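Note that this is a predicted model, so its numbers are computed, not measured. Here is how names work: the chains are called A, B, and so on, in the same order as the sequence lines, proteins then strands, and each is numbered from 1.
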Amino acid sequence: MQTHIISLLVEDHPGVLTRMSGMFTTRGINIASLTVSPCEKEGLSRMTIAIEGSESELEKVRKQISNLIEVVKVVDLKAGGQGRGNGGGEAIVRDLCLLRVHAKDSEARSAVMQLAESYGAKIVDAALDSVTLELTEEPERVSRFVDLMRHFGVKQLFRTGVTAIGRERD
Amino acid sequence: MGRAAKLSGAEIVVAELKSEGVEVAFGIPGGVLLDLYDTLYKEAATAEGAETEGGLRHILMRHEQCAAHAADGYARVSGKTGVCIATSGPGATNLVTGLANANMDSAPVVALTGQVPTSAIGSNAFQEASTFTITMPVTKHNFLATRTEDLPKIIHNAFYIANTGRKGVVLIDLPKDVLAERAEVNLHPRETFAGYKPNIKPNRVQTKKAAEVLANAERPLILAGGGVVSSDASEELRRLAEFLGAPVVTTLLGKGAIPESHPFCLGMAGMHGRLYANRALNECDALLAVGTRFSDRLTGWQLDQFAPDATLIHVDLDAAEINKNIQVDIPIVGDARLALVDIIKWLEKVAKVWGKRSESVWVQRIRKMHSACEECVKDVWGEGSSVSERLIKEINRVLDDDAILVTEVGQCQMFAAHFYMTRKPRTFVTSGGLGTMGFGFPAAIGAKVAAPDKKVVDIAGDGSFLMTCQDLATCVENDIPVVVCVFDNRFLGMVRQWQELFFEKKYSHTGLGLTPDFVKLAEAFGCYGERVEKPEELEAALKNAFESGKPAVLDLVVGKEDKILPMIPPGGGVVGMIGAERCRRI
Ligand SMILES: Cc1ncc(C[n+]2csc(CCOP(=O)(O)OP(=O)(O)O)c2C)c(N)n1
């Protein structure tokens with residue numbers, strides 16, 4: 001098992017997201033995350049899909065995606081590995097996390113803040129008994145951070161799912 | 001790019017359909033389609049004056065499922081895109097089975113559905129259903145038109161997508177206001193989707209590799225699927241088979257890809273296929289599979305028994321089919337005909353092999369297998385043949401080479417697939433992937449509309465026919481004389497067969513009891529009807545039916561417990577068919 005990231009350019013039509021998620025359901029494909037956002041080209045959107053599975057499963061997914069009429073471009077961005085297709089290559093992968101942790105007393109609060117600092121997380125809100133943190137990082141690092149924070153008690157957790165960009169090769 | 005004109009959405013739809021070469025549409029109107037049908041009315045009125053030149057014919061069906069099946073049958077026989085029309089809500093949901101059926105078998109169909117006005121979408125308005133989301137998984141692509149000015153591009157793309165690449169169904173959902181409003185548009189646009197590039201040119205490196213494998217094989221075999229028929233590659237297939245000394249087995253949808261009387265054709269393989277077709281799969285050392293998706297009905301359940309000694313070459317237009325069901329050695333993504341042309345070219349360069357191949361041990365063995373099959377089909381009255389089998393063999397003997405055989409689903413279908421020798425491509429029409437009871441008769445209507453000069457016969461089970469027989473009214477009204485041969489066993493026969501063989505004869509809900517009097521049923525609609533008590537009477541009855549000039553229903557009494565054998569039992573593979581004792585040993 002390995003996480004694969006597929007970056008797509010799709011036509012910005014109503015229903016494209018339904019079509020994409022419907023295809024995953026009909027083909028029995030599990031996805032770890034899916035994000036949709038505007039991109040540099042007008043009329044197109046970018047989708048970033050993270051999938052856990054073997055190389056051959058990935059291959060099937062890629063082909064099914066390519067078959068969708070509104071998919072203009074498919075780029076395979078393997079996190080930290082060899083990418084394929086145009087603009088592939090080692091990718092820069094990010095996940096944004098918003099996390100509200102309990103901070104009952106000053107001891108807990110300073111421990112939370114210390115850890116946050118060492119991970120480069122920002123404090124975006126604070127209340128009497130909680131601290132809200134923001135961390136934008138590689139997904140694995142975000143996960144590790146979240147695990148550590150569980151120690152203090154996580155009140156709420158939000159993650160955006162991954163977005164990724166291929167590295168420029170000169 | 002055509003001229004700018006101010007037209008209503010409905011006028012745009014009709015103008016674009018005509019510009020796409022559509023001659024006929026099968027449909028049923030409804031409230032939200034009034035504008036479209038008003039335009040069709042005017043169209044028919046003008047066309048009558050102008051001797052229907054370039055006119056658009058609309059055939060009113062009696063059920064939307066039949067409209068979709070008729071469009072499907074029309075497409076399979078003509079190669080052109082079939083068109084069906086249904087209103088919003090129930091009209092559209094009634095279409096769904098037919099769309100799923102056509103899409104599964106890669107038949108090019110464009111469906112137009114009415115929709116409530118854009119302002120009402122999402123409000124549970126009268127006759128609202130979310131056709132766009134409901135039909136997404138059963139179409140190749142679908143559109144919800146939201147602006148009248150988008151219609152030319154949408155319609156052009158719908159036809160382009162439906163009938164290129166791996167063909168399929170495209171649906172356009174048309175809200176009432178989009179059809180009613182007028183807009184200034186440029187008709188006949190040519191722009192398409194940037195992301196849709198139907199890959200049709202096979203890679204030359206791959207076709208060369210394939211040719212090398214085939215040239216060096218001792219026992220090459222070709223497996224022809226529906227893709228060979230839909231890419232009109234029959235001639236190339238025959239040439240390659242003869243050149244290579246390779247037998248051809250087909251899938252259900254591949255029937256007709258090569259004349260089944262050809263000495264190298266072993267007929268259909270798979271679960272209800274011919275014993276020798278499956279044997280050939282088991283024995284070959286190189287398999288060229290063209291335009292097939294290796295469905296489970298072909299491969300059985302034991303994938304390791306499927307062509308175990310063969311180097312597998314797979315040609316398919318849809319890259320997603322490669323390595324989906326079966327891992328192959330040489331994938332070739334591309335059009336079946338172009339791939340065969342390339343392979344033949346490469347082979348011609350190494351043509352030395354042919355002379356010695358033409359009468360190889362393998363070829364001799366194929367010839368024997370073929371003649372065993374052919375003798376069996378010609379032996380109508382031989383001992384051990386069931387009534388159902390005899391009837392199909394008689395139909396096979398009586399029909400001419402151009403006749404089109406359409407089937408429902410069940411034993412009748414498999415009897416036809418097994419014992420009917422299809423002579424030409426596009427003359428065997430059946431529901432392969434979805435296995436839809438009720439498909440055959442309306443598909444026969446579409447077939448007859450596509451080929452009015454050919455005889456069209458539907459092989460029907462009594463269960464299947466009762467699912468869509470109301471469209472006999474359509475046949476009578478529009479003078480579409482198809483002949484329905486009802487295999488009257490008063491059972492849901494195929495399910496009964498499984499209950500007999502694998503569920504200790506516990507016939508749970510497969511008995512149909514007293515089925516209607518099919519002769520009277522036919523007559524009630526104004527059709528010709530005749531009961532055939534014995535297979536010996538079939539030839540005369542068929543003659544009567546054709547000579548009546550009317551749509552006809554022949555009620556053929558068959559053995560209640562006729563079984564279609566041999567078959568691959570559940571869990572089995574292509575070796576180990578049961579019920580093959582009758583087949584001669586070779
Ligand atoms: C719409 C639909 N419903 C149910 C089935 C399941 N099924 C497959 S074959 C069959 C029996 C068909 O009976 P009939 O049409 O009488 O043909 P026969 O097998 O007797 O020749 C059934 C119920 C199906 N294929 N399609």
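- Side-chain N or O atoms of B:Ser88 include one that pairs as donor or acceptor with a backbone N or O of B:Gln127 at under 3.5 Å.
- If you measure heavy-atom distances from B:Ile322 to chain A, the contacts under 4.5 Å come from both the backbone and the side chain.
- A:Thr26 touches chain B through its side chain: at least one heavy atom from C-beta onward sits under 4.5 Å away, while N, CA, C and O do not.
- Residue contact with chain A, scored on non-hydrogen atoms closer than 4.5 Å, involves the backbone and the side chain of B:Asn142 alike.
- Across B:Arg166, B:Lys197, B:His141, the residue that shares the most heavy-atom pairs under 4.5 angstrom with chain A is B:His141.
- The pair B:Glu321-A:Lys63 does not count as a salt bridge, with every side-chain nitrogen at least 4.0 angstrom from each carboxylate oxygen.
- Judged purely by distance below 3.5 Å, without hydrogens or angles, the side chains of A:Thr163 and A:Arg94 never pair a donor atom with an acceptor atom.
- The pair A:Glu57-A:Lys60 does not count as a salt bridge, with every side-chain nitrogen at least 4.0 angstrom from each carboxylate oxygen.
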